[in-house]
Amino acid sequence: MEEKTSEKPTNWPAFGLIITFIFIGVVLVGYLFLNSKSSEKPPSSQPTTKVVTGSQAEVTVTKGGFLPATIRVKKGTIVTWTNTDEAAHQVASDPHPTHDKLKGLGDGEVLAKGESFSFTFEKSGSYSYHDHLNPLKFNGKVVVE
């Protein structure tokens with residue numbers, strides 16, 4: 001007489017799905033780890049403070065922050081921030097979240113990649129600003145003489 005074994009068939013599709021999810025998770029964690037190690041600071045070849053003698057100045061918004069981080073200008077200078085990052089950014093006067101140190105600086109203009117915002121500095125002083133969408137990471141200063 002034949003003896004029956006009670007072996008259950010292996011559920012290969014479910015096993016394959018679990019292995020696929022584990023693989024995707026490992027790849028995603030690896031990508032996030034490597035991406036977080038990318039340069040968060042301005043490149044050392046870029047000055048963090050720039051003195052501008054003309055009537056116009058440029059600040060670039062990058063993945064790592066504002067370049068230059070500090071800019072020295074004369075009264076009446078127009079400063080233009082241009083976003084070169086894939087993420088959106090919003091230049092805003094300190095302090096966060098009231099933005100009331102310098103009214104008009106960034107009042108709600110969210111910059112997508114390639115967009116710019118300009119502001120004319122009419123009074124002498126030191127004006128700190130930040131990215132309202134990422135205030136702890138993106139900070140800058142305009143010193144008006």
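Values reported hereafter were calculated over all heavy atoms of this structure, with side chains retained and with hydrogens, waters and symmetry mates removed.
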(Q) Run the side-chain contact (heavy atoms from CB on, under 4.5 Å) test on Val142 and Phe119 for me, step by step, so that the C-alpha distance in whole Å, both residues' side-chain angles and the decisive distance to 0.1 Å come before the verdict. (A) CA-CA 11 Å; Val142 177; Phe119 185 83; over 6 Å; no
Q.
Before we go on, tell me: are the rings of Trp81 and Tyr129 under 6.0 Å apart, centre to centre?
A. yes
Q. Which distance, rounded to the nearest 0.5 Å, do you find between the OG1 of Thr82 and the NE2 of His89?
A. 12.0 Å
**Q.** Under 3.5 Å: donor-acceptor pair, side chain of Thr60, backbone of Thr62
**A.** no
Q.
Hydrophobic clusters here meaning ILVMFWY residues chained together by side-chain heavy-atom distances under 4.5 Å, can you tell me if Val91 and Tyr127 are in one?
A. yes
Q.
Can you tell me how far apart CD1 (Ile71) and CZ (Phe66) are? Round to the nearest 0.5 Å.
A. 12.0 Å
Q | Shortest non-hydrogen contact from Val110 toward Ala88 | A | CG1-CB, 3.8 Å
Q. Going from OG on Ser118 to CD on Glu109, what distance comes out if it is rounded to the nearest 0.5 angstrom?
A. 9.0 Å
Q) Quick one: CG on Leu111 to OG on Ser116, what's the gap to the nearest 0.5 Å? A) 7.0 Å
Q) With the threshold set at 4.0 Å, does a side-chain nitrogen-carboxylate oxygen contact exist between Glu145 and Lys75? A) no
Q. To the nearest 0.5 Å, how far apart are CD in Glu58 and CG in Leu67?
A. 12.5 Å
Q: Scan side-chain atoms only and decide if His130 and Asp94 contain a donor-acceptor pair under the 3.5 Å cut-off.
A: yes
Q: Locate the shortest heavy-atom distance separating Ser126 from Lys141; write the atom from each residue and the value.
A: OG-CD, 3.1 Å
Q) For Pro135 and Leu133, which heavy atoms make the closest approach, and how far apart are they? A) CD-C, 3.8 Å
Q. Got a donor-acceptor contact below 3.5 angstrom from the Asp131 side chain to the Phe138 backbone?
A. no
Q. Rounded to the nearest 0.5 Å, what separation is found between the CD atom of Gln90 and the CZ atom of Phe117?
A. 9.5 Å
Q: Apply the test side-chain contact (heavy atoms from CB on, under 4.5 Å) to residues Thr80 and Ile78: give CA-CA distance (whole Å), side-chain angles for both, the deciding distance (0.1 Å), then the verdict.
A: CA-CA 6 Å; Thr80 301; Ile78 300 168; 4.2 Å; yes
